[in-house]
Amino acid sequence: MKFKKNKARITITEFFAINFDEKNLWEYKAQDTDLLAELVNIIRPRNLKTILSIDLGELLKELKENEQYRIGLAKYLKGLLKNKKFSKILTDAGILTDADFIFEVKKRLFAKLIPDQPEKDTLEYLLNQVFYVKTDPVWIAKIPPQQIEQLFELLTFSPIYTTTKNGSPLAELLFALEVIIHRIAGRALETEVIQMVPEYENLESPFLAYQKEFALIAEKLLEERRNFITPDDLGYKQLIILHRQCTDYVKTAFKNSEKYGISLRVNQSLLRIRQQLERLNTLLPLLIINSPEEAKKNTITLAKDLIAYNCDKNNVRKLINESTELISYEVTQHTARTGEHYITRDRKEYFKMFWTASGGGFIVAILCIIKVFLSKMDTSAFGHAFFYSLNYSLGFIAIYVLGFTLATKQPAMTASALVSALEADKKKTNVPDGEKHKTFAELFARVFRSQFIAFVGNVVVAFPVALLGIWLIDITFDYNLALTKWYHLIRDLSPIHSLAIVHAAIAGVFLFLSGIIAGAVANRDKHQHIYYRIQEHPLLKLSLGRVRTKKLAELYEKKWAGIMSNLWFGVFMGSTASIGIFLGLDIDIRHITFASGNLALGLYGANWNVSESMLFWGIFGVGIIGLVNFSVSFGLSTALAFRSRNIPLSEMRLIARSIWKHFKRKPMSFFFPNFRQSSRSLKNN
């Protein structure tokens, strides 16, 4: 059985012959949008990417050569457009409706599945029925302006400046402008927004001044019945100045987020104000006419804007990009500052990293032993999740508080520091493209060797400490802790006999998330002035004294974000397997340092009686797990840092080339510092 191909679209000539000939069939559909939707569908290109220009020549020819077609189409379109309200499109479409980010995302997603259908007396209803494809504004913009103006004249459309009566296009435009201005002023005067710009505290709000100035212009338009203003109008010039001041106000608020932090709600409020100011910047010039020809051009511009705004109103990707850009920047700024401490510069710092990583490996070895004990508990999956999470969280917090290092926690921090260096490189203008990322490549080499020595410190210490611990338990209590667990402990490390690579990738995602949590907590505390509130807490000052309370606030500022990050990292690591059991999925976590400790426990549990193949895949698996941990965590963190600074991913090609050139020139710098240079610097000091 053969399926028929989709019915071919009729031509414009056939469309007019069917609907606008002597029978005037269009009159039976005069109140419906179906005919207009059909005509637009004929013109709409099927493959927009390959088309540079949209030609309306055939449509214009039919209208010029057949008076009946022209009159009939003009009557039909004017009947559809008569008294159609459109102010809501100008005030709402594509602009955030609420400061609640999740609500806005859900609203737009739902509208994509089941589009909102407004009342039939609105232009929004007509546009929803006719221009419902999101690329419609793109191909409309490709129509030559001369052809659109010819179509405008052939159909005898009137400019929007003919009258300001209620329901007229100009009245709708003025009402929309007034609504936007009132909404901006109201949002800008909210306490949370004002707190972001203390510089304007004792100055008159530019938003209120803008509101007053526009009211005077609107009143002048209505009183003089001129229906437009000229470019040299003093009131309009004042509006331009005030608009610039309002824009600067919002820019200052965003810039101050680095000093004061920012919440998602305030970020959304500022975004909404910025979007509304951009909308005003587009609509206000439509009130200006310098010549009769501009009246027609402004009317066409307004029509294009209405179509574009209506098509873009449910754009979820744009919403997420705009809403998360500043928050991600603030989060990665914190991790960038923290990440600088994880990048070694000389021999002294290199070996210091080894010793701190050794301390991390020591604690992880103890956590491995405790986890094997906990696995023998007779409890539910939730019970195991709780105790595993508690074990991991306390251990990770201990590593952090004691100043030790967990190697795989570094990528999420160092990625942001690297991108900060890249951002500085991009600002260099007098450097050839081949050398532009040289500083970045050198920093990457430092990061890589810092990761390398941290991995070595973790793994080299975790293995013998875990082995020593299980041996001491055996000789003290005559109990081989891993006797019944050894097979799974070693087999789960093999990348070919288990899902070790997938599980290592999951751990990499958790490492990335823990870095995000650290930045988010630091940003939130900064925005809510938590450190200052602790420092000035009256009860704490009364009980601890002013000096100790200040030290407590400083300790909180320095450590709390890291503690919360490690707490949640422990919860993620400890609960994954139990969640997998609940969902019926084989998911778990594999971490290089724990893998090293588990390998030691497995070998002792088997009394060293394991096959060469099993031992090889166990050792090889430890390295693979570490590589995947690092790659996933570093990759996600780098992508977020690129996103937060608006650096295109295409930049990665140039970066990779610079790193490769540096590796060929100094391969050992990726693993060891320059010991000679370090010695000289020590002597000079």
Please check if the side chain of [X] supplies one atom and the backbone of [Y] the other of a donor-acceptor pair under 3.5 Å.
X: S565; Y: A561; result: no
X: N19; Y: F15; result: yes
X: R274; Y: T247; result: no

Give a yes or no on this: more than 12 heavy atoms of other residues, nucleotides or ligands lie within 6.0 Å of atom [atom1] of [X].
X: K107; atom1: NZ; answer: yes
X: W26; atom1: CH2; answer: yes
X: K304; atom1: NZ; answer: yes
X: K296; atom1: NZ; answer: yes
X: K85; atom1: NZ; answer: no
X: K142; atom1: NZ; answer: yes
X: K78; atom1: NZ; answer: yes

Looking at side-chain heavy atoms only, is the closest gap between [X] and [Y] below 4.5 Å?
X: L189; Y: V193; value: no
X: R265; Y: Q268; value: no
X: L90; Y: V179; value: no
X: I10; Y: E38; value: yes
X: E124; Y: N310; value: yes

Quiz item: What class does the angle between the rings of F228 and Y161 fall in, given that below 30° is parallel, 30 to 60° is tilted and above 60° is perpendicular?
Solution: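 Ring orientation, 0 to 90° scale: perpendicular.
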Practice problem: State the CD1-CD1 distance between I12 and I42, to the nearest 0.5 angstrom. | Solution: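 I12 CD1 to I42 CD1: 6.5 Å, rounded to 0.5 Å.
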Quiz prompt | Gap between atom NE2 of H243 and atom CG of D248 - 0.5 Å precision | solution = 10.5 Å
Quiz item: Between R70 and E67, is the closest basic N to carboxylate O distance under 4.0 Å?
Solution: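 Looking at R70 together with E67, the answer is yes, because their closest N to O distance falls below 4.0 Å.
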Practice problem: Run the salt-bridge test on K237 and D232 with the 4.0 Å N-O cut-off and return the result as yes or no. | Solution: no
Tell me yes or no: between the side chains of [X] and [Y], is some donor less than 3.5 Å from an acceptor?
X: Q147; Y: D55; result: yes
X: Q31; Y: K120; result: no
X: E62; Y: T13; result: yes

Exercise. Before giving the answer on side-chain contact (heavy atoms from CB on, under 4.5 Å), spell out for L59 and L63 the whole-Å C-alpha distance, their side-chain angles and the decisive distance to 0.1 Å.
Key: CA-CA 6 Å; L59 173 62; L63 295 176; 4.2 Å; yes
Practice problem: Could you walk me through whether R317 and R108 pass side-chain contact (heavy atoms from CB on, under 4.5 Å), step by step? | Solution: CA-CA 10 Å; R317 181 183 295 180; R108 294 194 183 192; over 6 Å; no
Practice problem: Check step by step if side-chain contact (heavy atoms from CB on, under 4.5 Å) holds for I143 and L151. | Solution: CA-CA 11 Å; I143 301 173; L151 186 62; over 6 Å; no
Quiz item: After noting the C-alpha distance and the side-chain angles of R533 and D525, does the key distance pass the salt bridge (Lys or Arg N to Asp or Glu O under 4.0 Å) rule?
Solution: CA-CA 10 Å; R533 286 157 72 172; D525 289 348; over 6 Å; no
Quiz item: Only one of F254, Y200, Y210 clears ring-ring contact (aromatic ring centres under 6.0 Å, His included) with Y249; which?
Solution: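 Answer to the ring-ring contact (aromatic ring centres under 6.0 Å, His included) test with Y249 among F254, Y200, Y210: Y200.
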Quiz item: Below 6.0 angstrom between ring centroids: does that apply to F20 and Y69?
Solution: no
Self-check item: Worked verdict on V133 versus R44 for side-chain contact (heavy atoms from CB on, under 4.5 Å)
Solution: CA-CA 10 Å; V133 180; R44 181 185 287 123; 3.7 Å; yes
Quiz item: Does NZ or CZ of R187 come closer than 6.0 Å to the centre of the six-membered ring of F207, within 45° of the ring's axis?
Solution: no
Exercise. With sequence neighbours excluded, give me every ring pair (Phe, Tyr, Trp, His ring centres under 6.0 Å) pair touching residues 166-196.
Key: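 Sorted pair list comes back empty.
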